[in-house]
Protein chains: 2
Amino acid sequence: MLTPAESLDDAVRSLRVLILAGENYRQATAQMSGLGVTETQAVSYLSIYGERGQNDLGGDLGISSGASTALVDRLERQGVAQRYAHPHDRRRVIVRLTEKGHGLVARSHSWLAASFGSIPPEDLPTLSSRLRQIAQVLRTESERQVAADQE
Amino acid sequence: MLTPAESLDDAVRSLRVLILAGENYRQATAQMSGLGVTETQAVSYLSIYGERGQNDLGGDLGISSGASTALVDRLERQGVAQRYAHPHDRRRVIVRLTEKGHGLVARSHSWLAASFGSIPPEDLPTLSSRLRQIAQVLRTESERQVAADQE
DNA sequence: TATTGTTATACTCTATAACTATA
DNA sequence: TATAGTTATAGAGTATAACAATA
């Protein structure tokens, strides 16, 4: 039986292991699709959050605007995403997945689904919402820490 | 109310979001510590799985032996890990975290712990073990997919 | 003036392959 | 012969900064 503090330490270790496994997954999908890691991350962002401004996408990924231009160049060249004109603002560029891009995401679906194989089906909804809670705090906390570091 | 299939799809989406948040966290820790992403991943592996042979560590990270040499050079230069001689095999090099390396891991502990802030304490042990189950399948499945792809 | 994106340059990290030393 | 690691070279991806177009 663990004390509450020990339980939390163990949960942190588990989260570290899962983060590393996620990075493993990322490299594997990149290698299999012939894309780079950043390109594969971009496809995942576009799949989950929908179309984005080019620099917004770069912001998601933590890269500069110059790197964003080069990234979207590569995504277009490989046929997984495309640039579209913004309806009102002629400075802006909207980036959207192509069919091929959506297909790439679909291909990894069963692979990720297998990760839940040992979870009782009735527990899935709760687990799912907890994964999102963890993700949200992890993300906002990362932004907060970086902002505090830069001041 | 969701059907079982819908629940699984939702869980997969949640896992994608968590993987992206983990990559966010990785970039933030790298930036704050002044290390690169791969170096920070290496520190995390060494913290969780203990000392490793240099090429074993490179294997964890999915990089070549040449890149492993350069990586450990950087880790030593920055004082977060050190090379040691293997007791019996004079070809091998053991890589181990320094105090400074352990300190780096400790600094991100409270940050990760905050991610569990909204989870009822009594649910932590179950959640923790499920995170590990997901991580393990994700990792082995990634290796399997890459191996199948390379044949 | 501020914002969005592009271009040019230099730097970091990685893969590949040839090599050395040890098993 | 096979394995662990090193070195040299080339290529991919990124940051930085200067720039153009639009708001």
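Please read these numbers as outputs of a predicted model, since none were measured by experiment. What you see below is based on every heavy atom in this structure, not just the backbone, and it leaves out hydrogens, waters and symmetry mates. Convention: sequence-line order gives letters A, B, ...; per-chain numbering from 1.
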Length of the line joining A:Arg74:CZ and D:dG11:C1', which is rounded to integer Å: 13 Å
Exam field: side chain A:Ser44 to backbone A:Thr40, donor-acceptor pair closer than 3.5 Å: no
Straight-line distance of A:Leu61 CG to A:Leu71 CG, nearest 0.5 Å: 6.5 Å
Distance, rounded to the nearest Å, where B:Asp73 contributes CG and D:dT7 contributes P: 7 Å
Distance-only polar pair, side chains of B:Asp10 and A:Ser128, donor-acceptor under 3.5 Å: yes
Residue list, side chain to side chain donor-acceptor pair (under 3.5 Å) with B:Tyr84, at least two apart or on another chain: B:Gln82
For B:Ala113 against A:Leu8, the heavy-atom pair lying closest together: CB-CD2, 4.0 Å
Close residues, residues 50-69 of chain A, relative to DNA chain C [heavy-atom separation under 4.0 Å]: A:Gln54, A:Asn55, A:Ser65, A:Gly66, A:Thr69
Distance in angstrom units between A:Leu71 CG and C:dT6 C1', rounded: 14 Å
Interatomic distance, B:Tyr45 atom OH to B:Asp56 atom CG [nearest 0.5 angstrom]: 12.5 Å
Cationic N near anionic O, under 4.0 Å, B:Glu141 to B:Arg144: yes
Within residues 76-98 of chain A, residues whose heavy atoms come under 4.0 Å of DNA chain C: A:Arg83, A:Arg91, A:Arg92, A:Val93
Proximal nucleotide (of D:dT14, C:dC13, D:dG13) relative to the A:Glu39 side chain: D:dG13
No-hydrogen, no-angle side-chain donor-acceptor test under 3.5 Å, A:Ser115 and A:Tyr25: no
